Visitor: 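Take a look at this one; I'll ask things after.
So that the names make sense, note that chain A is the first sequence line, chain B the second, and so on, each numbered from 1. Here the structure is a predicted model, which is why all the values come from computation and not from measurement.
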Protein chains: 2
Amino acid sequence: MRFETSTIKDIAKALGLSTSTVSRALRDRYEISEETKKLVLAYAEKVNYRANPIARSLKERRSYSIGIIVSEIANNFFSQVINGIESIAYDKDYHVIISQSHESFEQEKLNVDHLASRSIDGLLIALSSETQNIDYLRDLYAKGLPIVFFDRVPENFETHKVIANNFKGSFDATEHLILSGKRTIAHLTNSENLSITRERLKGYQAALAKYHIDFNPDLVKYCQHGGMHSEELETAVKELLPLKPDGIFIASDRLTTGCIMALKNTNPEFAHKIAIAGFTNSNLVELFSPSLTSVRQPAFEMGQVATELLISMIEAKRPVVDFETRILDTELIKIQKAASNKFL
Amino acid sequence: MRFETSTIKDIAKALGLSTSTVSRALRDRYEISEETKKLVLAYAEKVNYRANPIARSLKERRSYSIGIIVSEIANNFFSQVINGIESIAYDKDYHVIISQSHESFEQEKLNVDHLASRSIDGLLIALSSETQNIDYLRDLYAKGLPIVFFDRVPENFETHKVIANNFKGSFDATEHLILSGKRTIAHLTNSENLSITRERLKGYQAALAKYHIDFNPDLVKYCQHGGMHSEELETAVKELLPLKPDGIFIASDRLTTGCIMALKNTNPEFAHKIAIAGFTNSNLVELFSPSLTSVRQPAFEMGQVATELLISMIEAKRPVVDFETRILDTELIKIQKAASNKFL
DNA sequence: CTGAAAGCGCTAACAC
DNA sequence: GTGTTAGCGCTTTCAG
């Protein structure tokens, strides 16, 4: 929407200058005399001049906006990441455009293509749980679109990545369950397509190994849709129950809340007996019943770091060839004894 | 970001046509012969032609994008509204740009101005709890920016609005508390600036009146920042405790979860004794302890309706003068006895 | 039915 | 220091 806002041309006419002089004055270029600058700035201020970013984008072939793809914003982990992204982006005068894949590959691709055609300057993406083929991203990347992956990252894709220390986070959580006396620990996790799934599985296995507990593949359940459908959770839970686990370690935010819900629906009594540990950035964990031990990711910081890396790529004079994968530590938040004993 | 994508010019050159013919063929105009259209479409498909929306926006002075302002996306109510908005917008080929006010007036205004300068075609907004003066919106509206308010709407602003039946939702929730035997029912609510605050207070009062319970203003606590700061919630809760309420009705999503948290932190024992009812669209209510009766708003539908109204304004040939305020029914979800008795 | 040309608002060589 | 000019990619009169 453009209103009857004044343009650079109007200012030029009013001041008897050329549009280029006005443009340069507005952008504070060294060629322009202080006097002219003042004149222009004052007048621009007076008429409340706002540069038209559309025109600027067309000319400069960039939009000062970055695209974000997450599976869903109704997820504390992702909304915190987004807040981190915004905190840096706004500071550096970038605009962000958020899209949700809802864990669908098709939706993800559609959104990315849409964003790319909207002339975003760079892309921040956490892959959907369905995504296996990222050729479409390779194409865009090859054509010059800077991409930074976070959380759910691909292998064999040379660019910046920001992830949590998934191995350690899982190890710690599983070890915590073991140290509280659990021996039959189930693992509920995401699609095997995802990096986080593989890394978190390894942490889980390593903790078991450390305490000489045999790894039982039957105790691992995968949810292909990342818990978007409650059926997949309930099925997983039902398959797990006969194995009589005394603990369960859950590998992601949506899954953690969904699993507790499924446990409660399936066998509420059991839900309160089994020890639960899971990745989640929910700020409501303290309200949950049954309560759980949670692995929190530094989501806000992850967004910040990813954005800094992305903007550095966007603004790099020469092609970036030195890529880094930043690994951020997670935090294990144990159940508060008081809460779990007295009132549950 | 624009890559070496082909333009209308490239197609024209390749096909020995003029750019205008190509443009018209692509837009399926009646003047163009079927043959030419086929030719152009086929070639466009072959080179994977994508129109540059930036150029189109500049020319047409519109962007096919609509702006959304909510207080925060990490709130199930708003994220559901956003999903509803997207469902309609994408269908009609509009793009959405989401911004968060974080309940700050300044941030809200900043975001709106930013969106307006980004040439959005229309705005969907739920006001921040700090917002008192909406002259900046009136200005934009007067300049021709279509605006539709939802959830938190202003008075004396003639445009489409979509809200929940706040009065009835509150009445029902309060009545439910009364019918379960509560007599001293506190009310925790948002800033008085907000329409939802006023409407929900009225519903609460009406229910009390129906059962001849005196309205005690001391039992009503306002949170100016909508629960963004945990202090305001804890203060409110601490002020309420001495009055020994046996029930509490909470007026919004963030407040509801925040209040339960504050209750638990302040006096966990009491938290489990007091009956709680509150507006919330959290999909995790069933996990909460203490449990609560919740008033759910048709958030998805609200987003859909608001978007339909907005797009109708955007695409209207003549200025819209007939405005409507759509009121959608809420749903009262009572505590499930089983869950609350057996396991809490 | 198709083409030539202007122009959306802005930036950046290239003059002077 | 400042102005002239061309052009980003697209749509749209206006001619033919």
Visitor: State whether a side-chain donor-acceptor pair under 3.5 Å links A/Ser191 with A/Glu130.
Guide: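 There is no such pair between these side chains.
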Visitor: To 10°, what angle do the rotation axes through the five end pairs on each side of the helix from C/dC1-D/dG16 to C/dC16-D/dG1 form?
Guide: 40°
Visitor: For DNA chain C, determine which residues of residues 24-44 of chain B have any heavy atom closer than 4.0 angstrom to one of its atoms, and list them numerically.
Guide: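 Hits under 4.0 Å, by residue number: B/Arg24, B/Glu31, B/Ile32, B/Ser33, B/Thr36.
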Visitor: Please list residues of residues 12-20 of chain B whose heavy atoms come under 4.0 Å from any atom in DNA chain D, ordered by number; otherwise none.
Guide: B/Ser20
Visitor: Look at B/Lys59 and D/dC8 and indicate whether a side-chain polar atom (N or O) is within less than 4.0 Å of OP1 or OP2.
Guide: no
Visitor: OP1 or OP2 of C/dG9 less than 4.0 angstrom from a side-chain nitrogen or oxygen of A/Tyr49, does that happen here?
Guide: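 For C/dG9, OP1/OP2 do not have a side-chain N/O of A/Tyr49 under 4.0 Å.
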Visitor: Are B/Thr131 and B/Ser128 close enough that a side-chain donor and a side-chain acceptor fall under 3.5 Å?
Guide: yes
Visitor: Counting only heavy atoms not in B/Glu106, do more than 12 sit closer than 6.0 Å to its CD atom?
Guide: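 At most 12 heavy atoms, drawn from other residues, nucleotides or ligands, come within 6.0 Å of this atom.
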Visitor: Going by the rule side-chain hydrogen bond (donor to acceptor under 3.5 Å, both in side chains), which residues pair with A/Ser129 if we only count those two or more places apart in sequence or in a different chain?
Guide: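 Here the qualifying residues are A/Glu103.
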Visitor: List the steps and the verdict of salt bridge (charged side-chain N to carboxylate O under 4.0 Å, His left out) for B/Asp113 and B/Lys109.
Guide: CA-CA 6 Å; B/Asp113 286 342; B/Lys109 186 168 180 317; 3.3 Å; yes
Visitor: Restricting to pairs with a member in residues 27-43 of chain A, which pass salt bridge (Lys or Arg N to Asp or Glu O under 4.0 Å), not counting sequence neighbours?
Guide: A/Arg27-A/Glu60, A/Asp28-A/Lys37, A/Glu34-A/Lys37
Visitor: Identify whether the distance between the nearest side-chain nitrogen and carboxylate oxygen of B/Asp10 and B/Lys13 falls below 4.0 Å.
Guide: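 Looking at B/Asp10 and B/Lys13, the cut-off is not met.
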Visitor: Can you figure out which of D/dT11, C/dG9, D/dC8 approaches the side chain of A/Arg61 most closely?
Guide: D/dC8
Visitor: Do the ring planes of B/Tyr64 and B/Tyr94 sit parallel (below 30°), tilted (30 to 60°) or perpendicular (above 60°)?
Guide: tilted
Visitor: Which residues pass the ring pair (Phe, Tyr, Trp, His ring centres under 6.0 Å) test with A/Tyr43, not counting sequence neighbours?
Guide: none
Visitor: Describe, in one word, how the ring planes of A/Phe105 and A/Tyr136 are oriented to each other, choosing from parallel (under 30°), tilted (30 to 60°) and perpendicular (over 60°).
Guide: perpendicular
Visitor: Within this structure, what is the NZ-to-P distance between B/Lys9 and C/dA4, rounded to whole angstrom?
Guide: 13 Å
